[in-house]
Colleague: 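I'd like to ask you about the structure that follows.
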Amino acid sequence: MSSGTIIQAPASLRIADIVCGYGKRRILDKLTLPELQPGRVLSLVGPNGAGKSTLLRAIAGLNKATGSVHYGAVDLLKLSMKGKARYLSFMPQMVPQDVSLPVIDAVISALKASPFDPLDQANASVYTLSLNMLKRVGIEELALQNLDQLSGGQRQLASLARSVVREPSILLLDEPTSALDLRHQVAVMKLIRSFAGDGRIVMVVLHDLNMAMRWSDEVIVLKEGKLVAAGIPEQALTPESVWEVYGIRVRVEACSKGIPQVLVDA
Amino acid sequence: MKLNLKAVCLAVVLGAAAVASMGQNITVTDIVGRKVTLKSPAKKVILGEGRAIITLSLLHPDPVSLVAGWTGDFKKSGGLLFDEYQKRFPAMAKIPVIGASGKETVSTERIISLQPELAIFGAGSHGPDARSADVIRQLEAAGIPIIFVDFRLHPFKNTIPSMELLGKVLGREKQANDYIAFYKSHYDKIEQRLKGKNLPRPKVYMEMIRGENLVGSPGKGNLGEFIDFVGAHNIGADILPGEVGTLNMEYVIRQQPDIYIATGIATPGTPGFEIGYGITEAQAQQSLKKQVSRPVALPLKAVQQKKVYGFWHLFYDSPLNIAAVDALARWAHPELFKDIDPDETLKIINEKFLAVPFKGTYFMELK
Amino acid sequence: METDLINLQYKRRFRRRLLLLLLLGVSVVVVFCVDIAVGPSLMELGEVFKTIFAPAAADLATRVIIWEVRLPYSVMALLVGAALSLAGLEMQTTLNNPMASPFTLGVSAAAALGAALAIVLSASIPGLDPKWAVAVNAFIFAFGSVMLLQFLSRLGGSGVEALVLLGIAMDFTFKALVGILQYVASAEALQQFVFWSLGSLTRSNWESITVLGSIIAVVMPFSIAASWQMTALRLGEDSARSYGINVRRLRFFSLVRVSLLTATAVAFVGTIGFVGLVGPHIAKLLIGEDHRFSLPAAVLSGALVMSLASIASKAISPGAILPVGVITSLIGVPIFVWLIYSRKKK
């Protein structure tokens, strides 16, 4: 088995009526999203506190939620964490910085620690699988470096390798680019596109609207837990929707290469 | 009885008043060298350690009547002896408590509010002692005289001066002098007989047993001084710099002490070495036997040769230490001191001096 | 980089960590032998080992010195160090806090409270032989404190930060209760308690060694079996959960192991601090945080530190025994500081 194969047959993702909150405070109140097809990258944008991370965490099962998240015929919300682990992987925004553990072992641990082991389906060793994943994210030369010796960008790539090595059908990424330099931002977004290319569904929280415009297939704009706009980037990211959620005046204009850009006026 | 007591008190007060009116202040120098002046013998005293009531009961038939306040340690450490005192002097239950056992628990404010005529502290003690600068400063500022006595830091140097002091400040000089004379006769007998004899000093291993474990052995000072005085050699003193410490049993086995001595205070049913008030000889025998049946005690020559002894621990801080000294002398040099019997010494103290006689087993030899 | 080169280096690195474990193990054996060889009676090494292997041939004194004085003391040092250090590492990982140890989160304070109740108030389980009261009380309280910690944190439904804060709060509470007990204690009981709480290996006997040894033998395999999950947890709770690890269960059973190890060790030898904190850090500094290696390394480094402390407690003043709880800190700190600085230089 070579890396880049997903385990479950590709299916679409239908998220409906999600209710989720902390204590009595409801962050998401009956949120329903348009159906998402396999192979697509969906960016979630919106101001802080809009519920973007909460939505990802609810789908991942990290926060308690009601509603339904259907992957094909399976309602992921009804599955245990162990059951969900067959379908999805969540990558948190923060990774511990002080762990003295070789990158390759960190990736291996994602495979070995999981009660659901994709090795069931493969003949390759965990080691080979992990090294191939590091090659795919382009940091195989760091395989034997300890995590605490890496730069922030390198650490994020290692974290991405850990999340994908288990070959999830759904990849949930919480602000994967927010602390990275430009080179690593681009590297991460290119990888995200490539992971989607395997037939995965990728949901990614982004703050940079141009990044969302440039790299996603679809964008949803959230405000206070409600859907404000959804669709292909040009449809969702309009001066109107941006004004509504951020209160900031922008223009959306094509650059000399014809790619739409969000330009801030205020 | 009550009437009698009142009469005695009245007489004493009148006597004291007479002394005071003659302008004869009592001035003494206490054990730590402080000059203390009292207008008259003290009738209301504070005891920095509750167990000092035993000392007072050598001097006064109703020691409880002298006590204006004390720490709670006699109740906690006295075991059945405390119960006996309580039975004899029901008023004891009403003595105001100035603190628990430790010096840090003592309330100076409480002491001052009791308006005592005198505070009696040990120079080195569980209660306030010569190092408790704050307590001393506050009480002196409140005009409450303090005297320091000592039966613990240097029992041989200080027991007699301490008794003299107590006799003077309590107006019980006759009783104090009687006890001192008795004490001296026993003390001198041992000192005289040992003098110039240059007898070999038998090696003594002593351990203090509390609960399941021994908490240590005497080093230099206190019980170590007892052993030294009776012409024996405390093997702990060669190693331990302080009063108490833990010896390596390997060292003890290699030293091959001639004599094993345990001290205990356990009451029946609690773990440890049972000895003291209300304990029968059989109970003490059984309990000491258990101590020397530990595997580490088996190779000791003293144990194999049945030179195993035990005594009640609280002799270490009391003018009654002379009885323990007699016992140690007898055990260290049985030939030389075959006429000395610690039980007999205690019997005399019981009959002649103590307000509440000690009943039970205080000294024993393992059979 | 060539894949083959990475493979080679990975194998080499794996072997190096195995070798480090082996070296650590050898040092433990060497230090243990020194520990057994050290005693005030300056026995010849040959005689020591002859007595160990053929006790019947030795005279009574030598036999008792080796089998009842030196061996129980030294073996208990190894076991206590191993148990507390393993417990410390598990706590640091499951609570995601490098300062966590049985001694910072109230486990040992709870044991002290149990011991104090037995010593000061003679309060223990009815019908229990009083000679076991102190140890049994210490065990029950230490074990109970970890269970209480779990229960309270579950009530709050909050994360590990809350668990750590609760542990610290419990530590202070237990210490305050011990203080109150000390206040009402008699001078003699107080002396006994202080002696207990300083920590001493002189209380060791073959019974307690068997019990603690069995606990470690039972608990260790479960620790090792959880090692990959622990490594994944160390890299973040959220990602670990999304990989399907039942973190709550992992944490619960880890803390059960911690309480068994700590409670048993403390029950027999009293509160010996610091090795539960320093042992795991020595292991991590030497071998990294792959729990397949760091768990056994923590066991060995804890045993090593305690063995060194055992030697020092006998050798500083030959003939006397210094409280080993105090010595542990004195031995552990320099090793710790040296490791931190030597690692910085790298």
Side-chain angles (χ1 to χ4, degrees), chain B residues 49 51 71-79 99-102 104-105 125-127 208-217 219 235-236 238-241 244-256 265-267 269-272 290 294-301 304 313-314 317, chain C residues 38-43 58-70 72-73 115 118-120 122 129-135 179-196 198 200-203 205-206 270 313-315 317-324:
Chain B
E49 264 184 317
R51 65 183 72 167
T71 58
D73 83 296
F74 184 45
K75 183 173 183 174
K76 287 166 190 158
S77 304
S101 298
E104 65 283 359
T105 66
S125 112
H126 296 301
M208 309 168 186
I209 294 157
R210 297 275 182 294
E212 240 343 90
N213 301 110
L214 53 122
V215 294
S217 296
I235 62 167
D238 303 336
I239 300 288
L240 305 170
V244 183
T246 308
L247 288 177
N248 190 334
M249 274 315 287
E250 176 175 345
Y251 165 77
V252 177
I253 292 171
R254 286 304 186 206
Q255 281 290 312
Q256 279 304 1
I265 53 161
T267 48
T270 60
K290 227 169 80 188
R294 290 173 296 156
V296 284
L298 294 182
L300 296 178
K301 196 170 73 187
Q304 287 164 359
H313 183 71
L314 292 194
D317 183 16
Chain C
V38 167
S41 61
L42 302 174
M43 231 184 271
D59 64 288
L60 178 66
T62 308
R63 192 163 69 230
V64 168
I65 284 172
I66 295 297
W67 279 91
E68 299 295 338
V69 181
R70 288 196 191 179
Y73 195 90
I119 292 169
V120 176
S122 305
D129 183 341
K131 81 170 193 173
W132 288 103
V134 175
I180 289 174
L181 276 177
Q182 285 178 310
Y183 180 84
V184 302
S186 72
E188 285 70 26
L190 190 62
Q191 194 181 10
Q192 190 189 339
F193 175 73
V194 168
F195 177 74
W196 182 88
L198 281 178
S200 172
L201 294 167
T202 54
R203 278 162 253 176
N205 55 47
W206 293 109
S313 74
K314 291 189 290 184
S317 164
I321 301 265
L322 301 183
V324 77

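Because only heavy atoms are used, hydrogens play no part in the values below, and waters and symmetry mates are left out as well, while side chains stay in. Numbered from 1 within each chain, the chains take letters A, B, ... in sequence-line order.
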Colleague: Taking the side chain as C-beta and beyond, is there a heavy-atom pair between B:Ile209 and C:Gln192 under 4.5 Å?
Modeller: no

Colleague: How far apart are the closest heavy atoms of B:Met208 and B:Ser217, and which atoms are they?
Modeller: CE-C, 4.2 Å

Colleague: Heavy-atom cut-off 4.5 Å, strictly under: side chain, backbone, both or neither for B:Arg51 against chain C?
Modeller: side chain

Colleague: Which residues satisfy the side chain to side chain contact (heavy atoms under 4.5 Å, CB included) test with B:Pro299, sequence neighbours excluded?
Modeller: B:Ile253, C:Leu60, C:Ala61, C:Val64

Colleague: Tell me, for B:Leu314 versus chain C, whether the close heavy atoms (under 4.5 Å) come from the side chain, the backbone, both or neither.
Modeller: side chain

Colleague: Which of the residues B:Thr71, B:Ile265, B:Thr246 is involved in the greatest number of heavy-atom pairs with chain C at under 4.5 angstrom?
Modeller: B:Thr246

Colleague: Do you know which two heavy atoms are closest between B:Tyr251 and B:Ile235, and how far apart they sit?
Modeller: OH-O, 2.9 Å

Colleague: Ignoring hydrogens and angles, tell me if any N or O in the side chain of B:Glu250 forms a donor-acceptor pair with the backbone of C:Ser41 under 3.5 Å.
Modeller: yes

Colleague: Most heavy-atom pairs under 4.5 angstrom with chain B, which of C:Val120, C:Ile119, C:Asp59, C:Val69?
Modeller: C:Val69

Colleague: Tell me, side chain or backbone of C:Ala118 under 4.5 Å from chain B's heavy atoms, or both, or neither?
Modeller: neither

Colleague: Given heavy-atom pairs under 4.5 angstrom as the criterion, report whether the side chain, backbone, both or neither of C:Arg70 touches chain B.
Modeller: side chain

Colleague: List in chain and number order the residues that pass ring pair (Phe, Tyr, Trp, His ring centres under 6.0 Å) with C:Tyr73, two or more places apart in sequence or in another chain; answer none if no residue qualifies.
Modeller: none

Colleague: Using a 4.5 angstrom heavy-atom cutoff, name the option from C:Ala189, C:Pro318, C:Ala133, C:Pro40 with the most pairs to chain B.
Modeller: C:Pro40

Colleague: Which bit of C:Ser200 comes within less than 4.5 Å of chain B, counting heavy atoms only: side chain, backbone, both or neither?
Modeller: neither

Colleague: With chain B as the partner, which of C:Ser317, C:Gly39, C:Gly319 has the greatest number of non-hydrogen pairs under 4.5 Å?
Modeller: C:Gly319

Colleague: Any heavy-atom pair between the side chains of B:Gln255 and B:Leu247 that's under 4.5 Å?
Modeller: no

Colleague: Please classify the contact between C:Pro323 and chain B as side chain, backbone, both or neither, with a heavy-atom cut-off of under 4.5 Å.
Modeller: neither

